[in-house]
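Here's the structure we're looking at; comments come further down.
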Amino acid sequence: MVRTRELFAPTLRQISGEVELASHRLLLRAGFVRQLAAGMYSLLPLGLRVVRKVENIVRQEMDAAGAQELFLPALHPLELWEKTGRAQYWGDELMKLKDRTGRPFCLGGTHEEVVTQLASEVKSYRELPFTLYQIQTKFRDDPRPRGGLVRVREFTMKDAYSFDRDVAGLDCSYDKMVAAYHRIMERVALPYHVVDASGGGIGGWDTKEFELPTESGESHYLRCDSCGYAATPEVAQYKREVQTAGEDELPLERVETPGQRTIDQVTEFLGVPPEKLVKTLIYQADERVVAALVRGDRDLSEDKLQVAVEAKKLEMAAAATIERVSGAPVGFAGPVGIKEVEILADEELRGERNFVTGGNEDDLHLRNVNWGRDFEVNQWADLRNGEAGDLCPGCGGPLTAYRGIELAHVFKLGTIYSEPLAAHFLDEDGERKPMVMGCYGLGTTRMMAAIVEHSHDDAGIVWPMSVAPYEVVIILLNHDDEEHRAVAEKLYEELPQEGFEVLLEDRFERAGVKFKDADLMGIPGQVVVGRLAAEGKVEVRRRGGESRTVQVGDAGTALREILSTNLPA
RNA sequence: CGGGGCGUAGCGCAGCUUGGUCAGCGCGCCUGCCUUGGGCGCAGGAGGUCGGCGGUUCGAAUCCGCCCGCCCCGACCA
C-alpha cells in the first residue's frame with residue numbers, strides 16, 4: 001500500500017545507449033535499481049519488493065523441503081579459506097581486506113567453509129542428516145561484471161548445504177533440493193533447462209545448472225531438443241560415429257614453419273584445413289606430465305582430461321616443462337618423439353590419418369603423421385568439448401547450442417570441505433567419518449533480472465503475479481476532479497481488504513505519463529479511474545492482456561478474474 | 001588481463017576530424033497561464049571547474065601524455 005506521490009521510484013524516459021540488456025534498461029528506467037559502480041547496484045523500494053518476493057518463494061520451498069534457515073557472517077577470516085585451499089584457488093576473485101590489527105579477512109564469495117566449520121559441532125550419526133540455508137550477500141571480484149544485474153560483484157544468493165552420513169543420504173538430500181528448485185522455477189514463471197555441468201577445479205559431481213534459455217545469456221550449453229539432454233560443452237557426452245580411416249598412410253614429412261605456432265597460423269601457412277591438424281597440449285596432472293591430442297578444429301575439455309588422467313589437480317604445464325619434454329619452444333610440441341609424457345588422444349583421432357602436428361623442433365611441423373606408426377597412444381578417451389551438431393548420447397538427435405542465464409546451481413561435494421575442516425561424526429559402527437555434503441545455490445537478485453529478461457514488451461516489464469512489486473495500480477487520471485479522487489480513494493481503501501497489494505498513482509502528472517509509467521513498471525493489474533468514474537465505472541485491465549469496464553464495486557471481483565493466472569495469457 | 005568504445009547541465013546527446021561568438025540541443029526542473037484518457041501547449045527562468053592531473057599554445061571541450069571511471073567482445077567465472 002503506497003501512493004506514487006510518496007514512492008521513491010524515479011522513472012527514466014531515456015537511458016544511455018551503452019546500456020544494452022533489456023532487463024538492465026527496464027529495471028533502471030522503471031526505477032527498480034540504480035548503479036553505484038561497476039557490478040554494484042542499489043535496490044530501490046520496488047526492486048527490493050521483487051527480490052523479497054523471490055526470496056519468500058525460495059524460503060517457502062526450502063522450508064518445505066526440510067531445510068533450516070540461518071544467517072552466516074559475510075566477513076570471513078581468510079585463514080578459513082586457506083584451510084580448504086580456496087583462497088589460492090579463487091585468487092583475486094576473493095575480496096580481501098584486513099582488520100585494524102592487520103589480520104587478514106575476506107568477504108565471502110560463498111559459504112562452504114563457514115557452514116562446514118559450524119556443522120563440525122555435530123558428533124554423532126544420530127544428528128544427521130540436515131540441510132542449512134541462508135539468503136546472504138556474496139562478494140566476488142569478477143574481472144568483468146556485465147549485463148546489469150546478471151553478473152555483478154555484490155549480490156544476494158540463497159545458498160543451502162546438506163550434511164549426510166553417506167553418499168546414499170546425500171543423493172536423497174540432493175534430490176529434495178532439485179525438486180524444490182523445479183517448484184521455484186515454476187512459481188516465478190521462468191522456463192528453464194537443467195544442464196549437466198562441471199564441478200569446476202575444486203571437485204564435486206552431479207553438478208547441474210538451471211538455465212533460463214535466452215540469447216542474451218552468457219552461459220553456453222548444448223541441448224538435444226528431442227529428448228531434453230543438456231550439458232555444458234566441457235562435459236557434454238555425444239554419440240561417436242564409427243570412424244574408419246579413409247586414406248592410405250603416406251610417408252612422414254618434415255616441413256619448415258618459421259614462427260607458425262597457432263592452429264590458425266599453421267592452417268594458413270600450410271594451406272590445410274584445421275581438421276587435418278592435431279593439437280598437442282601439455283598438461284601437468286598432479287606429479288605427472290601428459291600430452292593431450294585433439295583435432296585442430298576442436299577444443300580440449302580440461303574436465304574430461306582431468307577425469308581421464310584421474311588427477312586431483314590439472315593445469316597447463318609451465319613453459320619450461322613444455323620445452324623440456326618437447327625439446328622445442330612452446331608452439332611446436334607434437335606426439336612424435338616427445339619424451340617423459342603419457343600420450344592421451346581424443347577418440348575422434350582414431351579415424352584420422354596423415355595429419356599435421358608440431359615437430360618438437362623450433363619452426364618445424366610434421367605432415368602425414370599417423371598414430372600407431374609414428375607414435376603410440378597410451379590412452380584413448382573422449383577429451384574434447386561437445387559442439388553443436390554432435391549427436392545426443394541418449395537418442396542420437398543433434399545437439400543444439402543454447403545461451404542461457406544461470407539461475408541456480410546444485411552439486412554434490414562429498415567430503416572435500418568436511419575433510420580439511422575436520423567436520424567429522426561418529427558413525428553407527430563407531431568409526432569417525434567426514435560428513436558428506438551437497439551445496440545448492442540460487443541467485444535471487446539475478447533471478448529478478450532473469451524474470452525481466454524473459455518477460456517484457458516494448459512498453460516495459462510484465463511481472464508475473466508471484467513476484468510483482470505490487471499486484472494492482474489504481475491510476476487516477478484527473479487528480480483535480482473530486483468525484484474521481486473519491487472513487488480512487490475508495491478503491492485504495494477497499495482493494496487491500498480484498499487481499500490485493502495496491503499502488504495508488506496519484507501524482508500531479510498528465511494521463512499519458514501515468515499510463516506509460518504503469519506499463520513500464522509492469523504492475524499486473526491496472527484500475528483506471530477516468531471519465532467513466534462519473535457513472536460509477538472504472539476500467540480494469542491486465543498489463544499486457546485483457547481489459548474490461550466494470551462498476552466500481554465490482555472492481556475486486558474483476559481483478560480476481562483477470563489476475564487469476566500468474567502471467568497474462 | 002587482451003581488444004574496441006565512451007566520459008560535455010539532473011537524464012539523453014551534439015560539438016572534437018580542421019584550437020579562437022562553442023558552452024549548445026532535447027527532456028526534466030522552477031514561475032505563470034492553459035490542459036487533464038497515452039510521455040499536452042504557450043511564455044519566462046535557474047542550472048555545466050566539458051572525468052582528473054599535467055603538457056603544447058597568445059588561446060584547449062577540441063591537440064599530446066599519464067591516470068580514473070563506465071560499457072561491449074574475448075580470457076576468466078564456486
Side-chain angles (χ1 to χ4, degrees), chain A residues 10-21 24-25 28-29 31 34-40 81 84-94 108-113 115 138-148 150-153 155 157 159 161 197-204 207 209 216 218-220 232 234 299 302 316 406 408-413 416-417 437-443 446 458-460 475-481 484-485 505 507-520 526-534 537-539 541 547 549:
Chain A
T11 55
L12 270 23
R13 190 174 298 205
Q14 298 174 109
I15 198 163
S16 170
E18 279 199 338
V19 178
E20 294 183 357
L21 210 59
H24 193 195
R25 293 185 74 84
L28 285 168
R29 283 193 55 209
R34 283 295 182 266
Q35 184 175 37
L36 178 64
M40 297 159 65
W81 282 65
T84 58
R86 286 215 301 178
Q88 199 199 352
Y89 182 72
W90 274 43
D92 288 337
E93 197 173 337
L94 190 63
T110 173
H111 283 72
E112 280 82 5
E113 281 81 1
V115 79
K138 309 291 185 200
F139 299 87
R140 295 180 190 182
D141 197 357
D142 203 291
R144 177 150 107 83
R146 68 184 84 176
V150 172
R151 186 156 148 185
V152 291
R153 298 198 289 179
F155 59 98
M157 171 170 150
D159 47 321
Y161 307 90
S198 155
I202 202 77
T207 298
E209 293 169 356
S216 56
E218 56 160 1
S219 323
H220 295 262
T232 59
E234 312 84 66
D299 290 320
E302 293 189 1
M316 287 282 276
E406 183 185 332
H409 200 157
V410 296
F411 52 99
K412 297 180 181 172
L413 295 171
I416 55 184
Y417 290 93
M437 296 173 55
C439 80
Y440 319 92
L442 184 152
R446 174 182 282 184
D458 291 344
I475 304 173
L476 171 58
L477 292 181
N478 186 352
H479 191 271
D480 294 333
D481 188 311
H484 294 189
R485 209 165 64 218
E505 171 54 272
R507 290 176 300 172
F508 299 101
E509 292 287 353
R510 295 184 56 81
V513 174
K514 297 184 182 191
F515 284 130
K516 291 287 185 192
D517 275 352
D519 287 348
L520 182 61
Q526 302 181 343
V527 180
V528 183
V529 180
R531 289 194 186 108
L532 298 167
K537 288 179 183 167
V538 291
E539 196 176 329
R541 324 201 282 205
S547 167
T549 301

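As the structure is a prediction and not an experimental result, all values here were calculated from the model. In what follows, chains carry the letters A, B, and so on, assigned in the order in which the sequence lines appear, proteins first and then strands, with residues in each chain numbered from 1.
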Handout entry: salt bridge (Lys or Arg N to Asp or Glu O under 4.0 Å) evaluation trace for Asp480(A) with Arg485(A)
Key = CA-CA 7 Å; Asp480(A) 294 333; Arg485(A) 209 165 64 218; 5.6 Å; no
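Heavy atoms of Gly17(A) sit under 4.0 angstrom from primed sugar atoms or phosphate atoms, though from no base atom. At the heavy-atom level, Ile15(A) lies under 4.0 Å from the strands shown only through sugar-phosphate atoms. Here Glu112(A) lies out of heavy-atom contact (under 4.0 Å) with every strand. Within the nucleic acid shown, Gly147(A) comes within 4.0 Å of sugar-phosphate atoms alone, with no base atom in reach, counting heavy atoms only.
Checking side-chain atoms of Arg446(A) against main-chain N and O of Val150(A) turns up a donor-acceptor pair under 3.5 Å. Remark: the backbone N or O of Arg507(A) is paired with a side-chain donor or acceptor of Lys514(A) at under 3.5 angstrom. Formation of a donor-acceptor pair under 3.5 Å by the Arg25(A) side chain with backbone atoms of Val19(A) is found in this model. Arg153(A) places a side-chain N or O within donor-acceptor distance of the main-chain N or O of Ala38(A), the cut-off being under 3.5 Å.
For the pair Glu218(A) CD and G74(B) P, the computed distance is 9 Å after rounding to whole Å. Distance Gln35(A) CD to C72(B) C1': 14 Å, rounded to the nearest Å. In this structure, CD of Glu302(A) is placed 8 Å from P of C76(B), rounded to the nearest angstrom. C73(B) atom P lies 10 Å from atom CZ of Arg151(A), rounded to whole Å. Computed from coordinates, the Arg153(A) CZ to C76(B) C1' distance equals 15 Å when rounded to whole Å. Here the P atom of nucleotide C76(B) and the OH atom of Tyr89(A) are 11 Å apart, to the nearest Å. Residue Met40(A) contributes atom CE, which lies 12 Å from atom P of G69(B) at whole-angstrom precision. The separation between Phe508(A) atom CZ and U35(B) atom C1' is 16 Å, rounded to whole Å.
Between Ser16(A) and C13(B) there is a side-chain polar atom (N or O) within less than 4.0 angstrom of OP1 or OP2.
Taking atom P in both C50(B) and C34(B), one finds a spacing of 42 Å when rounded to whole Å. Comparing the P positions of C25(B) and G47(B) gives an interatomic distance of 15 Å, to the nearest angstrom. Rounded to whole Å, the separation between the C1' atoms of G15(B) and C77(B) comes to 41 Å. The separation of A75(B) from G3(B), taken at their P atoms, amounts to 15 Å, rounded to a whole angstrom. Using atom C1' as the reference point in both C68(B) and G52(B), the two lie 7 Å apart (nearest Å). Between A46(B) and G24(B), the two P atoms lie 13 Å apart (nearest whole Å). Rounded to a whole angstrom, the distance from the C1' atom of C40(B) to that of C72(B) is 38 Å. Across C30(B) and U8(B), the matching C1' atoms stand 23 Å from one another, rounded to whole Å.
Nucleotide G7(B) is matched to C68(B) when pairs are restricted to Watson-Crick or G-U wobble geometry with both distances under 3.5 angstrom. With a cut-off of 3.5 Å on both Watson-Crick or G-U wobble distances, the partner of G48(B) is given as none. Partner assigned to C63(B) is G55(B), using Watson-Crick or G-U wobble distances below 3.5 angstrom. Look at G2(B): its Watson-Crick or wobble partner, with both distances under 3.5 angstrom, is C73(B). Applying the Watson-Crick and G-U wobble criteria (two distances, each under 3.5 Å), A43(B) pairs with U31(B). Pairing partner, G19(B): none, since no Watson-Crick or wobble contact has both distances short of 3.5 Å.
In terms of heavy atoms, Trp81(A) sits closest to Thr84(A) at O-OG1, 3.4 Å. When all heavy atoms are compared, the tightest approach of His484(A) to Ala533(A) is CD2-CB, 3.6 Å. Heavy-atom minimum distance, Gly39(A) versus Pro145(A): CA-CB, 3.8 Å.
Partners of Arg510(A) under the side chain to side chain contact (heavy atoms under 4.5 Å, CB included) rule, at least two apart in sequence or in another chain, do not exist in this structure. In this view, Arg34(A) and Pro10(A), Leu12(A), Leu28(A), Leu44(A) satisfy the side chain to side chain contact (heavy atoms under 4.5 Å, CB included) rule, not counting sequence neighbours. Applying the side chain to side chain contact (heavy atoms under 4.5 Å, CB included) rule to Ser216(A) yields the partners Leu21(A), Thr214(A), Glu453(A); only residues at least two apart in sequence or on another chain are considered.
Looking only at atom types and distance, the side chain of Ser547(A) has a donor-acceptor partner in the side chain of Glu539(A) under 3.5 Å away. Judged by distance alone, the side chains of Glu234(A) and Ser198(A) never bring a donor and an acceptor atom under 3.5 Å apart.
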Can you tabulate the close N/O pairs, meaning under 3.5 Å, that link protein atoms to atoms of nucleotides 29-34 of chain B?
none

Below 3.5 Å is the cut-off: list the nitrogen or oxygen pairs between protein and nucleotides 1-6 of chain B, distance only.
from	atom 1	to	atom 2	distance (Å)
G5(B)	N2	Glu18(A)	OE2	2.8

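Checked for salt-bridge contact, Arg86(A) and Glu112(A) meet the test: a charged N lies under 4.0 Å from a carboxylate O.
In terms of position on RNA chain B, the residue among Met157(A) and His24(A) whose nearest nucleotide sits closer to the 5' end is His24(A). Mapping Ala37(A) and Gly441(A) onto RNA chain B via the closest heavy atom, the residue that lands nearer the 5' end is Ala37(A).
Here U36(B) is the nucleotide among U36(B), G12(B), C76(B) with the atom lying nearest to any side-chain atom of Asp480(A).
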Handout entry: Protein-to-nucleotide contact annotation, 5' to 3' order, nucleotides 37-42 of chain B [B base; S sugar-phosphate only; - none; under 4.0 Å, heavy atom]
Key = BBBB--
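No donor-acceptor contact under 3.5 Å links the side chain of Arg146(A) to the base of C72(B).
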